[in-house]
Amino acid sequence: MSTITAVAPLTTRDADVLVTAARRAAEAAGVTVSVTVLDAGGHLLAFRRDDRAVLISGETSTRKAYTALQLNAPTADLVDAVQPGGLFHTLPTALDRPLLFIAGGVPVHREGRLIGAIGVGGGAPEQDHAFAAAAVEALA
């Protein structure tokens, strides 16, 4: 009989580390961003929008985090899957909360298990992905 061990969930302290690391990476690049952190259940743990960031960046960061969480994959790796003929071609419009297949959403794992996700919006997609990845690295 195998034993299942519990993994510590993503906490608000973890979320603060993620937000701070993503914002610092963005600031170092001269980019203003919004950052969203969700727990494994898709609940909002942290949200921060720089006053200079465009308003839509907040919705964008949240949808990127939600997409990374639901599919347990960085959104940058999923872009081709929603193209015509792709694996998830109809998925973005099939759910109550539309998914967003633009780089910038990254799942967060602890001990190999999914515990949440971070989404960054406001820069170019490749920049947002780098900021989110740097934040996950900072949490490790």
Side-chain angles (χ1 to χ4, degrees):
M1 186 164 148
S2 65
T3 304
I4 298 174
T5 57
V7 174
L10 194 63
T11 65
T12 53
R13 178 172 287 178
D14 294 332
D16 287 341
V17 169
L18 289 165
V19 169
T20 300
R23 289 189 62 229
R24 283 187 179 150
E27 287 172 3
V31 178
T32 56
V33 296
S34 293
V35 181
T36 301
V37 178
L38 304 175
D39 69 10
H43 304 104
L44 183 66
L45 276 184
F47 174 78
R48 173 76 171 128
R49 183 181 66 81
D50 188 293
D51 289 338
R52 298 165 292 151
V54 294
L55 290 176
I56 193 67
S57 68
E59 176 64 19
T60 301
S61 68
T62 301
R63 287 178 56 196
K64 287 177 181 183
Y66 183 75
T67 302
L69 180 68
Q70 291 301 306
L71 299 176
N72 192 13
T75 55
D77 296 348
L78 301 169
V79 174
D80 290 338
V82 294
Q83 302 304 318
L87 185 61
F88 301 127
H89 179 59
T90 59
L91 187 60
T93 57
L95 302 172
D96 289 338
R97 177 185 275 175
L99 303 180
L100 188 59
F101 291 86
I102 299 174
V106 177
V108 179
H109 295 93
R110 181 172 285 143
E111 297 178 28
R113 296 195 187 156
L114 180 66
I115 60 168
I118 181 172
V120 178
E126 299 78 18
Q127 289 175 307
D128 291 345
H129 178 76
F131 305 150
V136 171
E137 182 71 27
L139 186 62

**Student:** Work out which heavy atom in Gly116 is nearest to a heavy atom in Leu10; give both atom names and the distance.
**Tutor:** CA-CD2, 4.0 Å
**Student:** Could you grab the distance from atom CZ of Arg49 to atom CD of Glu59, nearest 0.5 Å is fine?
**Tutor:** 13.0 Å
**Student:** Looking only at heavy atoms, what is the nearest atom pair of Ala25 and Phe131, with distance?
**Tutor:** O-CE2, 3.5 Å
**Student:** In chain order, what residues pass the side-chain contact (heavy atoms from CB on, under 4.5 Å) check against Arg48, with sequence neighbours excluded?
**Tutor:** Val19, Arg23
**Student:** Looking at Asp14 and Thr11, would you say the former's side chain and the latter's main chain have a donor-acceptor pair under 3.5 Å?
**Tutor:** yes
**Student:** Taking it one step at a time, do Val136 and Ile118 satisfy side-chain contact (heavy atoms from CB on, under 4.5 Å)?
**Tutor:** CA-CA 8 Å; Val136 171; Ile118 181 172; 3.8 Å; yes
**Student:** Verify whether one side chain among Thr36 and Thr62 offers a donor that lies under 3.5 Å from an acceptor in the other.
**Tutor:** yes
**Student:** For His109, enumerate each residue passing the side-chain hydrogen bond (donor to acceptor under 3.5 Å, both in side chains) test, keeping only those at least two apart in sequence or located in another chain.
**Tutor:** Asn72
**Student:** Among residues at least two apart in sequence or on other chains, which ones pass salt bridge (charged side-chain N to carboxylate O under 4.0 Å, His left out) with Glu137?
**Tutor:** none
**Student:** Determine whether a donor-acceptor pair (N or O, by modelled atom type, separation under 3.5 Å) exists between the side chain of Thr75 and the backbone of Ala68.
**Tutor:** no
**Student:** The test is side-chain contact (heavy atoms from CB on, under 4.5 Å); show your working for Leu45 and Leu38 and say whether it passes.
**Tutor:** CA-CA 5 Å; Leu45 276 184; Leu38 304 175; over 6 Å; no
**Student:** For Arg24, what residues pass the salt bridge (charged side-chain N to carboxylate O under 4.0 Å, His left out) criterion, not counting sequence neighbours?
**Tutor:** none
**Student:** If you look at every heavy atom in Leu69 and Gly41, which pair is closest and at what distance?
**Tutor:** CD2-C, 4.4 Å
**Student:** Could you pull out the closest heavy-atom pair between Val37 and Ala15, with the gap in Å?
**Tutor:** CG1-CB, 3.8 Å
**Student:** Considering residues at least two apart in sequence or located in another chain, which fulfil the side-chain hydrogen bond (donor to acceptor under 3.5 Å, both in side chains) criterion with Asp39?
**Tutor:** His43
**Student:** What are the two closest non-hydrogen atoms of Gly121 and Ser61, and how far apart are they?
**Tutor:** N-CB, 3.6 Å
**Student:** Please enumerate all residues that pass side-chain hydrogen bond (donor to acceptor under 3.5 Å, both in side chains) together with Thr12, with sequence neighbours excluded.
**Tutor:** none
**Student:** What are the two closest non-hydrogen atoms of Ala22 and Val35, and how far apart are they?
**Tutor:** CB-CG2, 4.0 Å
**Student:** Could you check if a side-chain atom of His129 sits within less than 4.5 angstrom of a side-chain atom of Val106, using non-hydrogen atoms only?
**Tutor:** yes
